[in-house]
Amino acid sequence: MAVRLCDVASLLRSGSWAAEPWTGQVIAAMETQLSNGPTCNNTAHGSTAINNCSSPVDSGHTEDSKTNLIVNYLPQNMTQEELKSLFGSIGEIESCKLVRDKITGQSLGYGFVNYVDPKDAEKAINTLNGLRLQTKTIKVSYARPSSASIRDANLYVSGLPKTMTQKELEQLFSQYGRIITSRILVDQVTGVSRGVGFIRFDKRIEAEEAIKGLNGQKPPGATEPITVKFANNPSQKNNQAILSQLYHSPNRRYPAPLAQQAQRFRTKSACSLRECIKFQKLCFGHPSFRLDNLLNMAYGVKSRFPPMTIDGMTSLAGINIPGHAGTGWCIFVYNLAPDADESILWQMFGPFGAVTNVKVIRDFNTNKCKGFGFVTMTNYDEAAMAIASLNGYRLGDRVLQVSFKTNKTHKA
DNA sequence: TAGAATT
C-alpha cells in the first residue's frame with residue numbers, strides 16, 4: 001500500500017496531533033535559524049531545555065586561539081564523528097575532540113575543533129554558533145589557552161530576586177572579573193526566573209573574589225541576600241549516581257571493582273536508549289506514539305518500513321538498513337538553490353534529531369549546488385518526522401522535496 | 001538550590 005508522507009505531514013499539522021507541541025516547536029526552531037542564521041542573540045529563552053548562548057569569546061591574540069574552537073551545549077548523544085562532520089563542512093580540520101567522562105564514557109556536552117586555516121575557524125563561529133541541534137543551541141567560540149587558572153571558575157548563585165535579568169546578574173558580578181557565561185534558570189512552563197543561576201568567570205581567582213564579595217550580600221534593591229558558591233561538577237554527580245546504581249543493582253553478583261562494572265555504561269547504546277526514550281516522551285508525550293504507529297493508525301500500515309510515495313517520487317523507506325555500519329538513514333533533499341550549502345541542511349534537519357552527516361551535491365566546474373543534497377540521520381523515527389515535516393517545505397522561492405533516499409539516486 | 005566550558 002502506498003502512503004503519501006505529505007499526507008502524514010498534513011495529519012500531523014491539522015489532526016489531533018496538532019495539539020502536540022513538538023512538531024511546531026521544531027519547525028519554529030528551524031525557521032528561526034533559517035531566517036536569522038544560527039548565531040543567536042543573548043536574550044533568555046523560555047525553557048531550561050534550550051541554552052542561552054553568549055557572544056563568542058574573543059580570547060586574545062595567541063596563535064592557538066585563531067584556529068582552536070570550543071563547542072559547548074552539544075546534544076548528549078552527539079559523537080566525535082558527528083562533530084567532525086558538522087565542522088568539517090566549513091573547512092579542513094586539523095583535529096577534533098569530543099570530551100567524554102573518563103569513567104562512564106558519556107559525552108560531557110562539549111568538544112574542541114582545531115582548524116588548519118584561521119579563516120575557517122572564524123567562519124565556523126559565524127556559521128555554526130547558535131545552531132539548534134535537537135533540544136540544544138550550540139555555542140561556538142575560540143578556545144582559551146588551557147591552563148589550571150581557568151578551571152573550576154563556575155559559580156552557582158541562589159536567592160536571586162525573581163525580577164533580576166541576566167544582564168543585571170552580569171552587571172553585579174562583572175566587577176570581579178571577566179564573565180565567560182551567565183545564566184538564570186527559568187520555569188519551563190511559565191518562563192519565570194527560578195531565582196538561581198550560574199556565572200562562569202575567566203579565572204578561578206576571579207570567582208573566589210566574587211564569592212568573598214557577594215555571598216550573603218543583598219543585590220541593589222533586593223530584600224534577601226544571595227548565596228554564591230562554587231558550582232558542583234555535573235559529571236561528578238552523574239558518576240556518583242551511576243556508580244551507586246551499579247553497586248546497589250540486584251543484578252550485581254560479584255563484588256567486582258565499581259570502575260570495572262562501569263564499563264557496561266561505556267557503550268553508546270546504553271546512552272542512546274535512554275536518550276531515545278527521553279526524546280520520544282518529549283516529542284509525543286507517550287513512548288508508543290511513533291511515526292510508524294501513526295501510519296498504522298492512519299492507513300492500517302503494518303510494516304515498520306512501508307512503501308511511500310512522496311509528491312510523485314517513489315521512495316522505499318526500508319532500503320536503508322538500520323544499524324548498517326553506522327550509515328543510519330539517508331534522506332534525499334531535492335530542489336535546493338544553487339547557492340545552498342551544508343549549513344542550511346544542518347539548520348533544517350538538526351532540530352529534528354541526531355544528524356550524522358550532510359552533503360550538498362555540487363557541480364564540479366562551477367561549485368554550485370546541483371539542486372539536491374543528502375542528510376544522514378541516526379534514528380528512523382527522527383528521520384521520518386523530519387521528512388514528514390520538511391517535504392513540501394518552502395525554502396525561499398523553492399518547494400523542497402524530501403524523502404528517504406532510494407537506490408536510484410546518488411549514493412551519499 | 002543545579003548547567004554538561006578547557007582536551
Side-chain angles (χ1 to χ4, degrees), chain A residues 44-45 47-57 59-60 62 64-65 67-78 80 83-84 87 93-114 129 133-162 166 169 177-188 193-204 206-207 215-216 224-242 271 274-275 278:
Chain A
H45 293 276
S47 163
T48 53
I50 299 173
N51 298 298
N52 298 329
C53 63
S54 312
S55 300
V57 177
S59 65
T62 63
D64 194 18
S65 70
T67 59
N68 196 25
L69 302 179
I70 185 167
V71 188
N72 290 296
Y73 312 120
L74 293 167
Q76 224 283 320
N77 57 5
M78 191 169 190
Q80 183 165 294
L83 183 68
K84 188 172 185 180
F87 283 80
I93 291 173
E94 196 277 326
S95 62
C96 171
K97 180 170 187 179
L98 177 72
V99 180
R100 292 184 177 277
D101 185 283
K102 287 186 176 65
I103 296 173
T104 66
Q106 285 188 317
S107 166
L108 295 183
Y110 69 93
F112 297 88
V113 176
N114 194 15
N129 183 44
L133 294 177
Q134 302 175 46
T135 60
K136 301 287 188 178
T137 302
I138 71 169
K139 182 179 173 186
V140 185
S141 53
Y142 288 112
R144 292 170 289 165
S146 182
S147 78
S149 65
I150 66 172
R151 297 187 62 177
D152 302 317
N154 198 23
L155 296 179
Y156 175 69
V157 187
S158 57
L160 294 168
K162 299 293 174 65
Q166 187 180 2
L169 181 67
R178 177 177 168 222
I179 294 170
I180 301 300
T181 55
S182 69
R183 171 175 301 168
I184 291 176
L185 302 186
V186 297
D187 184 285
Q188 288 196 16
S193 166
R194 294 159 68 183
V196 301
F198 293 88
I199 293 279
R200 179 178 296 280
F201 278 101
D202 183 36
K203 297 286 192 298
R204 165 90 181 186
E206 296 169 342
N215 183 41
E224 300 298 324
I226 61 173
T227 300
V228 184
K229 58 184 186 181
F230 282 109
N232 296 331
N233 186 330
S235 65
Q236 287 171 359
K237 185 183 172 187
N238 271 357
N239 287 351
Q240 284 168 6
I242 289 169
C271 305
R274 187 167 59 250
E275 285 300 310
K278 185 179 171 186

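Chain A is the first sequence line, chain B the second, and so forth, proteins listed ahead of strands; every chain is numbered from 1. These values consider heavy atoms only, across backbone and side chains, with no hydrogens, waters or symmetry-generated copies.
If you check B/dA5, B/dA4, B/dT7 against the side chain of A/S146, the one that comes closest is B/dT7. When the nucleotides B/dT7, B/dA5, B/dA4 are ranked by their closest atom to the side chain of A/R183, B/dA4 comes out on top. Distance from the side chain of A/K136 is smallest for B/dA4 among the nucleotides B/dT1, B/dA4, B/dA5. The side chain of A/R144 lies closest to B/dA5, out of B/dA2, B/dA5, B/dT7. For A/Y110, counting side-chain heavy atoms from C-beta on, the closest listed nucleotide (B/dT7, B/dT1, B/dT6) is B/dT6. For A/F198, whose side chain is taken as the heavy atoms from C-beta onward, the closest listed nucleotide among B/dT1, B/dT7, B/dA2 is B/dA2. Side-chain proximity of A/F112 to B/dT7, B/dA2, B/dA5: nearest is B/dT7. Set against B/dA4, B/dT6, B/dA5, the side chain of A/A143 has B/dT6 as its closest nucleotide. With distances taken from any side-chain atom of A/K229 to the nucleotides B/dT1, B/dA5, B/dA4, the minimum falls on B/dT1.
Not a single donor-acceptor contact under 3.5 angstrom links the side-chain atoms of A/N114 to the base of B/dT7.
Counting to the nearest Å, the C1' atom of B/dT6 and the NZ atom of A/K139 are 13 Å from each other.
A/R151 has its side chain out of reach of A/R204: every pair of non-hydrogen atoms, C-beta onward, lies at least 4.5 Å apart.
Both A/R151 and A/L108 lie near DNA chain B, and the one whose nearest nucleotide falls closer to the 5' end is A/L108.
Counting any heavy atom pair closer than 4.0 Å across all strands shown, A/A153 reaches no nucleic acid atom. Using a 4.0 Å heavy-atom distance criterion, A/S107 is classed as a base contact.
Residue side chain A/Y73 fails the stacking definition with respect to B/dA4, as its ring centre and the base's six-membered ring centre are not both under 5.5 angstrom apart and under 30 degrees in plane angle.
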